[in-house]
Amino acid sequence: MVLTILDVKGDSLRIGFKPRGIKGQRAETLAAVTGANQQATAAANESAEAVLHVLLPAASALGAPSA
């Protein structure tokens, strides 16, 4: 991989990669995407548990462990 400085303006820096297909993300963007994915996963897990409690009321009455 080759990293090339393309442009510097003030406190901004443009960089280029070869081969071109390599993608990079800023730390803030990566943190935001990671947080959104974790929230979506938690919401999906809660929805799945609610559906299971409706479909299997006997299991929730017995105190079956949840995931």
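This structure is a prediction, so every number in the text was calculated from the model and none was measured.
- With a 4.5 Å cut-off on side-chain heavy atoms, I15 and L3 count as touching.
- L30 and L13 fall into different hydrophobic clusters, where Ile, Leu, Val, Met, Phe, Trp and Tyr are joined by side-chain heavy atoms under 4.5 Å apart, directly or via other members.
- Pairs of residues two or more places apart, or lying in two chains, that qualify as side chain to side chain donor-acceptor pair (under 3.5 Å) and include a residue from residues 28-38 are R26-E28.
- With sequence neighbours excluded, the residues satisfying salt bridge (Lys or Arg N to Asp or Glu O under 4.0 Å) with D7 are K9.
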